[in-house]
Amino acid sequence: MEKHFTDYLAVLNEPQRNAVLHTEGPLMIIAGAGSGKTRVLTYRIAWLMQQGIEPFNILALTFTNKAAREMRQRIEQVVGHEARNLWMGTFHSIFAKILRIEGHRLGYTADFTIYDTDDAKSLIKTILNEMGLDEKVYKVSWVLSRISAAKNRLISWQEYMRNPIFLAEDTEAAKPKLGQVYKQYVQRCFKANAMDFDDLLFNTNVLFRDYLDVLHKYQHKFRYVLVDEFQDTNLAQYLITKNLAAVHQNICVVGDDAQSIYAFRGADIQNILNFAKDYPDLVTVKLEQNYRSTKRIVQVANRVIAHNRDQLHKTVWTDNEEGEPIDIIRAATDNDEGRLIASSIFELKMRHQASNADFAILYRTNAQSRTFEEALRKLGIKYKIYGGLSFYQRKEIKDLIAYFRFAVNQRDEEAFRRIINLPKRGIGESTVQKIVVAAIEHNLAIWDVLCNVEKYLGKSRIGVAIADFATMIKDFSFTIAQKDAYEAASYIAKTSGLLRELFEDKTVEGRARYDNVQELLNAIKEFTDAPDRQDKTLSAFLQEVSLLTSADETDKEDTDTVSLMTIHQAKGLEFKYVYVVGMEEDLFPSQMMLASRADLEEERRLFYVAITRAQKKLTLSYALQRYRFGNLRPCEPSRFLDELDHRHVRISHILREGFVDNTSQIRGNAASKIVAENESFLHKKMQQKAYETFLNKTTPPARPYIHQPSTHFVASNPSDLREGMRVEHAKFGFGKIIKLDSQGANRRAVILFDQVGEKTLLLNFAKLMIVEK
DNA sequence: GCTTTGTTCCTTTTT
DNA sequence: GGAACAAAGC
């Protein structure tokens with residue numbers, strides 16, 4: 001290995017090499033976009049191990065499981081099998097691990113549940129109900145984000161309720177009881193032996209603050225601490241790392257202030273800006289050479305970020321080729337935008353023999369993916385949407401996991417609520433109420449009430465059902481203790497009746513759900529069979545799975561796909577060709593963000609992250625009209641487009657379907673000029689629309705890419721449709737109308753789609769083509 | 001009680 | 001455009 005390592009060092013540039021070799025004392029690496037940050041971190045850890053440091057003395061913290069996994073693999077390539085013993089993972093997963101071991105000091109068992117966002121919201125709903133607060137005033141997501149923000153700033157409910165500023169803020173927002181809700185929420189979680197995501201960080205801080213022996217243990221254990229994406233740490237995370245590194249002082253943080261995009265979840269860019277104050281003998285290394293992108297992309301990116309006020313000075317540069325100008329495409333509507341991007345991808349694939357995987361479409365919000373999906377599908381280009389609903393968020397999966405959770409931890413209230421009447425056993429909402437009330441009245445756990453129903457709820461038919469349920473859970477609990485995860489899981493899936501219920505559902509969707517459950521069981525089998533796994537219990541599986549996200553799913557299917565994702569998800573990735581779409585004012589920058597200058601700066605950093613993903617070619621696009629909540633809204637181009645260095649930009653002005661006007665230059669206030677020009681165009685379009693409405697007709701949508709045989713025609717009127725007709729829907733594909741209703745303003749059809757199964761649609765005739773009568 | 005029909009509200013971004 | 005809920009209908 002020794003011989004090898006010199007070879008590894010040889011490929012690094014000087015600052016990179018310095019960052020790898022400077023192992024003792026605090027180090028801050030400012031890593032510009034595309035500057036080889038991961039490589040430096042990888043080699044640094046490999047170098048430490050090369051120096052004889054034991055892997056279990058090294059702690060490396062990342063923000064995503066994916067980043068941790070990739071880094072571990074790359075280290076393994078350099079140092080071999082030993083890399084498995086590194087303490088490497090996300091903040092949340094590492095501290096969950098520590099809390100499993102030490103949490104008993106705070107009153108949690110090793111089997112504590114991790115509540116996901118759905119659990120947290122559901123609990124807050126329950127609390128609001130019990131407190132008689134209006135959900136319309138105390139919006140669940142608002143309450144949760146407020147509590148989350150407090151925890152991330154290490155403010156306990158006691159401090160929250162004592163603090164006059166918070167109180168004043170909440171009173172002003174007409175939500176004076178928020179402190180009470182916070183208190184209830186924390187106590188309820190504790191009673192359920194559960195922690196939410198924020199608790200994992202909050203409680204670790206409490207643990208280190210109140211139990212110095214625990215702190216000392218880990219301080220001495222972790223001789224070297226590394227933090228990736230340091231600009232995205234919040235106070236809770238920062239204090240943990242600071243505490244852990246306090247003895248050895250070997251803390252290495254890597255980050256880029258220009259890529260700080262997580263303030264909304266408590267990240268504080270000041271952590272990186274002020275780091276030098278906490279460590280006077282700090283050494284700083286700047287990685288400024290970009291190996292990823294063309295000169296033009298780098299220059300445009302620099303120009304964007306230069307507008308920010310708070311920044312660490314650095315100059316990102318590159319030796320790469322000049323490259324093509326950045327394209328700006330403006331489309332008339334969002335659907336046009338989708339078609340234009342899709343055909344652009346099609347063309348580039350042909351011209352450069354590019355593969356689908358070379359392309360990415362990045363947007364600000366998940367909801368924007370729709371038009372691009374449709375357009376890509378029409379051209380037969382394979383794509384994959386990242387984010388959205390993950391496998392583990394599907395109902396059938398969550399249901400079964402709730403069984404596992406409750407069998408492992410009988411205090412888990414949210415799991416209890418989920419499964420008590422599933423499959424149906426006649427225990428409805430009102431009975432659950434009674435159980436919860438009885439538990440509170442007698443100051444008992446819900447589980448104690450379940451085990452002694454007769455005593456607390458009297459004799460009844462439902463009482464028998466509840467007793468049966470409790471017996472079943474006891475049986476599951478026993479099985480989990482005796483058997484490995486896979487055996488226990490299959491037993492529970494079968495015995496609970498969940499699997500049977502899904503099996504009996506013969507619809508296409510029911511099949512899919514059954515298959516999903518089988519897939520979950522497969523995943524558990526893989527977990528159980530992993531060679532160097534020590535803890536094979538179902539409880540261990542739950543711990544691992546609760547911190548997974550959709551980005552962590554290993555993709556066994558086709559990998560040659562165009563990637564569609566939000567900009568946040570694109571961080572750390574690169575593609576040859578990148579499309580940043582929806583560059584419209586109020587969308588990007590998001591209207592909700594724009595309360596302050598700091599917020600605008602964060603949006604600008606987000607834009608920076610988006611454009612620095614591109615290696616060869618960058619295209620920015622926006623629509624002048626967009627469907628929002630079913631309404632067509634005129635849009636203005638994003639102010640960010642004005643901030644670009646226009647020497648490197650080429651604008652394509654799409655006046656009308658299929659007609660492109662290329663202008664290579666714009667001067668002055670580009671945005672306002674474009675809006676003025678397009679107003680007359682929009683006006684004409686709207687007039688046309690009004691005329692069509694007058695004729696009580698919808699225009700057949702323009703379809704430049706004709707793939708349908710000529711027998712297709714668009715249903716322009718409900719009376720064109722009959723039951724039994726074969727149709728094609730823009731989104732769901734081919735299907736057969738099995739039922740048609742035509743009452744009231746909304747006409748609906750129940751259609752059996754070949755791929756999707758049965759679907760009830762509020763008919764949008766422009767999206768329905770008749771294939772055969 | 002369950003299914004069908006009508007209405008409302010929604011949209012940041014994620015561990 | 002569609003999820004989630006509410007109301008109406010069987």
Side-chain angles (χ1 to χ4, degrees), chain A residues 61-68 89-96 114-117 120 125 135-136 139-141 144-145 148 151-152 195-201 229 232-234 236-237 260-267 334-335 362-371 373-374 386-390 393 395 424 426 428 546-552 565-571 582 586-595 599 602-603 605-607 609-610 626-633 729-732 739 741-748 750 759-764 766-767:
Chain A
L61 296 165
T62 61
F63 271 80
T64 62
N65 294 301
K66 200 167 135 230
T90 62
F91 276 92
H92 291 86
S93 69
I94 294 283
F95 297 119
I114 297 173
Y115 273 179
D116 67 12
T117 312
K125 265 188 199 170
E135 260 184 58
K136 290 209 167 102
K139 290 223 169 163
V140 174
S141 55
L144 184 61
S145 70
S148 171
K151 284 184 183 170
N152 283 323
M195 299 191 201
D196 66 14
F197 291 138
D198 304 313
D199 287 334
L200 295 174
L201 306 174
E229 307 281 12
D232 286 328
T233 50
N234 57 40
Q237 291 164 322
S260 159
I261 55 174
Y262 282 108
F264 70 88
R265 69 169 200 220
D334 50 355
N335 288 324
L362 308 182
Y363 34 75
R364 180 64 233 267
T365 69
N366 277 311
Q368 283 165 261
S369 67
R370 212 196 73 254
T371 53
E373 282 176 73
E374 285 174 15
Y386 292 80
L389 213 59
S390 89
Q393 285 174 296
K395 182 184 177 300
K424 294 216 161 38
S546 47
L547 290 171
L548 289 183
T549 66
S550 56
D552 297 317
M565 62 181 83
T566 64
I567 293 156
H568 284 89
Q569 289 166 343
K571 197 152 154 208
D586 292 350
L587 234 187
F588 194 12
S590 162
Q591 187 190 11
M592 318 196 81
M593 273 309 289
L594 294 186
D599 292 340
E602 174 154 342
E603 289 284 300
R605 290 195 294 268
L606 199 55
F607 184 38
V609 167
R626 183 171 292 276
Y627 274 102
R628 264 194 251 173
F629 315 139
N631 296 320
L632 202 57
R633 297 274 180 83
H729 184 267
K731 179 167 175 194
F732 302 113
K739 210 173 134 204
D741 302 312
S742 56
Q743 305 160 350
N746 296 320
R747 290 169 189 85
R748 273 162 209 261
V750 179
K759 192 96 186 152
T760 310
L761 297 177
L762 271 167
L763 282 183
N764 178 341
K767 298 223 164 225

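Each chain gets a letter, A, B and so on, in the order the sequences are listed, and its residues count up from 1.
You'll find the side chain of A:L587 reaches within 4.5 Å of the side chain of A:Q368, heavy atoms only. Under the 4.5 Å side-chain criterion, counting only non-hydrogen atoms from C-beta, A:T233 is in contact with A:F63.
A donor-acceptor pair is defined here as one N or O able to donate and one able to accept, closer than 3.5 Å; no such pair exists between the side chain of A:Q237 and the backbone of A:F91.
Across the interface with DNA chain B, nearest-nucleotide mapping of A:S590 and A:L547 shows A:S590 to be the residue nearer the 5′ end.
Residue A:F63 is in sugar-phosphate contact alone, with no base atom involved, counting any heavy-atom pair closer than 4.0 Å across all strands shown.
With rounding to whole Å, A:L587 atom CG is found 13 Å from B:dT13 atom C1'. Atom C1' of nucleotide C:dA4 and atom NZ of A:K395 are separated by 15 Å, given to the nearest angstrom. Here the P atom of nucleotide B:dT15 and the CZ atom of A:F95 are 17 Å apart, to the nearest Å. Regarding A:F197, its CZ atom lies at a distance of 9 Å from the C1' atom of B:dT14, rounded to whole Å. Rounding to whole angstrom units, CD of residue A:Q368 and C1' of C:dG2 are separated by 16 Å. Between A:Q237 atom CD and B:dT15 atom C1' there is a gap of 8 Å when expressed in whole angstrom units.
Shown here, B:dT11 forms no base pair; nothing in the strands shown gives a Watson-Crick or G-U wobble contact with both key distances under 3.5 Å.
Taking side-chain N and O atoms only, A:N366 has a distance below 4.0 Å to OP1 or OP2 of B:dT13. Under 4.0 angstrom from either OP1 or OP2 of C:dC5 there lies at least one side-chain N or O belonging to A:K125. OP1 or OP2 of B:dT14 sits under 4.0 Å from a side-chain N or O of A:T566. A close approach under 4.0 Å does occur between a side-chain nitrogen or oxygen of A:Q569 and OP1 or OP2 of B:dT14. Residue A:K571 places none of its side-chain N or O atoms closer than 4.0 Å to OP1 or OP2 of B:dT14.
In this structure, A:F588 and A:F607 have perpendicular ring planes: the angle between them is above 60°, well past the 30° mark.
Here the nucleotide nearest the side chain of A:H92, chosen from B:dT15, B:dT13, B:dC10, is B:dT15.
Separation of the P atoms belonging to C:dA4 and B:dT13 is 15 Å when rounded to the nearest angstrom.
The shortest non-hydrogen separation linking A:L547 to A:S93 is CD1-CA, 3.4 Å.
Using a 5.5 Å limit on the distance between ring centres and a 30° limit on the angle between planes, the aromatic ring of A:F264 counts as stacked on the six-membered base ring of B:dT13.
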